[in-house]
Amino acid sequence: MKLTEIDAPNFDLAMTLDSGQVFHWEKIGNRFYGTIGDRAVWVEQRGDVALVGHGAPSQSGDSPTLSGMVVNYFAFDHPLAEICRSFPDDPIMNAARSYCRGLRIIRQPRWECLATFITSSMKQVAHIRQISRKLRERFGERREIGNSELFTFPAPARLAGSSERALRECALGYRAKNLLATAQLVESGAVNLEKWSALSDVDLRANLCELPGVGAKVANCVMLFAYERLRAFPIDVWIERVLREQYFPRKRNMTAGRLRAFAETHFGEHGGYAQQYLFHHARMAARANLSAPPR
DNA sequence: CTCCAGGGATGAT
DNA sequence: ATCATCCATGGA
């Protein structure tokens with residue numbers, strides 16, 4: 001076990017990992033255990049420093065340094081103060097910005113992010129976490145870290161070579177068919193997720209939406225979390241609720257299309273970041289209301 | 001346009 | 001201990 005300290009200014013690890021953008025990190029004590037690509041690590045925040053525990057690299061040679069991988073994964077290079085300053089100055093956004101200080105949109109591996117969000121449709125965060133764990137345990141590669149074992153997210157070939165039935169055993173339900181079909185498209189080379197990074201937002205979204213199990217919402221999540229398209233604005237039920245109740249409280253005829261058009265213009269060049277802040281703030285506020293309901 | 005598949009955590013009773 | 005609710009895509 002080795003330790004690495006990494007400068008992590010303006011960062012909140014727990015907020016970042018608990019904001020519904022990534023689903024496999026497990027909290028044990030003060031540490032979050034998970035994989036970054038092929039590497040098993042734990043991460044602990046100590047003020048402005050991220051302490052990272054890790055085993056030996058899986059392969060020697062030309063792999064990037066661990067600290068480089070961590071900096072890239074958690075996007076410590078995103079100019080967060082500047083990004084937050086670009087949000088609109090309205091009461092809703094200001095409350096979310098203040099609550100979510102240090103939340104960063106991370107850079108997830110493309111396939112892992114796409115596959116995970118295909119499994120996310122019509123599921124809540126707790127279920128998505130379970131599916132991710134089952135897929136990893138059954139099809140991923142085992143890694144040891146300290147006394148814990150972790151599993152990498154299975155490569156496309158691994159899932160493409162499985163079966164709808166095996167995937168259903170991982171609690172995917174009807175999503176199994178979509179994940180299998182998409183894995184086979186990627187594995188066959190018919191789809192090259194890395195090459196898609198060169199596409200415009202419009203073309204990337206269109207290509208993603210062609211994949212089985214990917215609609216507008218999942219496509220926007222993948223654009224935001226795996227392709228660093230910080231303008232992409234996924235609208236799920238939580239965000240739709242925020243938009244309707246907070247921005248248009250007495251407009252009865254706001255269609256989904258009009259809401260989408262509003263979001264795309266109102267939240268600006270880092271709309272995806274704004275969306276994540278609104279999403280996380282709304283979810284945490286709802287949770288707080290359960291323990292202390294209003295009146 | 002409507003209806004529904006499929007499923008496990010979570011809340012309500 | 002049961003019962004209802006949450007959720008996004010795609011096909012009928």
Side-chain angles (χ1 to χ4, degrees), chain A residues 17-27 108 111-138 159 162-186 191 193 204-227 229 232-245 252-261 263-264 272 275-276 278-295:
Chain A
L17 293 183
D18 193 32
S19 64
Q21 58 177 319
V22 65
F23 302 96
H24 75 277
W25 292 87
E26 306 256 9
K27 190 173 189 199
Q108 299 186 43
W111 164 249
E112 177 177 324
C113 182
L114 170 63
T116 300
F117 276 93
I118 285 175
T119 71
S120 80
S121 90
M122 202 65 188
K123 286 283 187 192
Q124 287 165 281
V125 171
H127 305 151
I128 304 166
R129 295 181 60 86
Q130 246 185 11
I131 292 172
S132 172
R133 189 169 50 75
K134 285 181 177 169
L135 285 176
R136 287 165 182 272
E137 284 175 359
R138 177 148 182 177
L159 295 186
S162 72
S163 66
E164 182 180 336
R165 185 196 161 126
L167 294 178
R168 279 179 177 268
E169 288 169 4
C170 299
L172 269 76
Y174 63 85
R175 300 156 200 81
K177 184 187 293 250
N178 293 332
L179 181 59
L180 182 62
T182 297
Q184 287 168 348
L185 282 171
V186 173
V191 163
L193 295 179
L204 176 58
R205 183 177 292 111
N207 282 14
L208 285 168
C209 286
E210 291 289 308
L211 299 173
V214 180
K217 191 269 179 181
V218 169
N220 277 321
C221 285
V222 175
M223 290 175 68
L224 180 58
F225 302 134
Y227 286 90
R229 306 303 169 99
F233 196 101
I235 298 180
D236 72 328
V237 293
W238 287 93
I239 287 296
E240 181 160 346
R241 208 173 291 149
V242 169
L243 294 180
R244 284 187 193 282
E245 293 177 2
R252 284 163 299 149
N253 57 348
M254 282 302 289
T255 63
R258 298 197 64 145
L259 283 178
R260 181 169 47 75
E264 281 170 8
Q275 175 275 159
Q276 197 65 17
L278 291 171
F279 175 84
H280 188 58
H281 184 226
R283 280 182 17 106
M284 294 303 106
R287 185 176 295 189
N289 278 342
L290 289 176
S291 44
R295 330 228 312 113

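None of the values given here were measured: they were computed from a predicted structure. The chains referred to below are lettered A, B, ... by the order of the sequence lines, with proteins before strands, and numbering in each begins at 1. Atom set for the values below is all heavy atoms of this structure, side chains included, hydrogens, waters and symmetry mates excluded.
- Looking at heavy-atom distances under 4.0 Å, Ile128(A) makes no contact with the nucleic acid at all.
- Interface limits on DNA chain C: the 5'-most and 3'-most nucleotides within less than 4.0 Å of chain A heavy atoms are dC6(C) to dG10(C).
- Not one N or O on the side chain of Arg258(A) forms a donor-acceptor pair closer than 3.5 Å with the backbone of Thr255(A).
- For DNA chain C, runs of at least 3 consecutive pairs of the Watson-Crick or G-U wobble type, with both hydrogen-bonding distances under 3.5 angstrom, map to B:2-5 with C:9-12, B:7-13 with C:1-7.
- A donor-acceptor contact shorter than 3.5 Å links the side chain of Gln108(A) to the backbone of Gln21(A).
- Using a 4.5 Å cut-off on side-chain heavy atoms (C-beta onward), Pro234(A) and Gln275(A) make contact.
- Panel note: side chain Arg241(A), backbone Asp236(A); no donor-acceptor pair is recorded below 3.5 Å.
- Below 30°, between 30° and 60°, or above 60°: for Phe279(A) and Trp238(A) the angle between ring planes is above 60°, a perpendicular geometry.
- Remark: side-chain polar atoms of Arg165(A) are not paired, donor with acceptor, to backbone N or O of Ser163(A) under 3.5 angstrom.
- A heavy-atom distance below 4.0 Å to DNA chain C is reached by these residues of residues 233-243 of chain A, ordered by number: Asp236(A), Val237(A), Trp238(A), Arg241(A).
- The salt bridge (Lys or Arg N to Asp or Glu O under 4.0 Å) check on Arg244(A) picks up Glu240(A), with sequence neighbours excluded.
- For dG6(B), the base is not stacked against the aromatic ring of Tyr174(A), per a cut-off of 5.5 Å between centres and 30° between planes.
- Side-chain N or O atoms of Thr119(A) include one that pairs as donor or acceptor with a backbone N or O of Thr116(A) at under 3.5 Å.
- Sorted by residue number, the members of residues 212-224 of chain A with any non-hydrogen atom under 4.0 Å from DNA chain C read Pro212(A), Gly213(A), Val214(A), Gly215(A), Ala216(A), Lys217(A), Val218(A).
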- Query: Which nucleotides of nucleotides 7-13 of chain B have their base under 4.0 Å from a protein heavy atom (B), which only their sugar-phosphate (S), and which neither (-), written as one string 5' to 3'?
  - Reply: BBB-S--
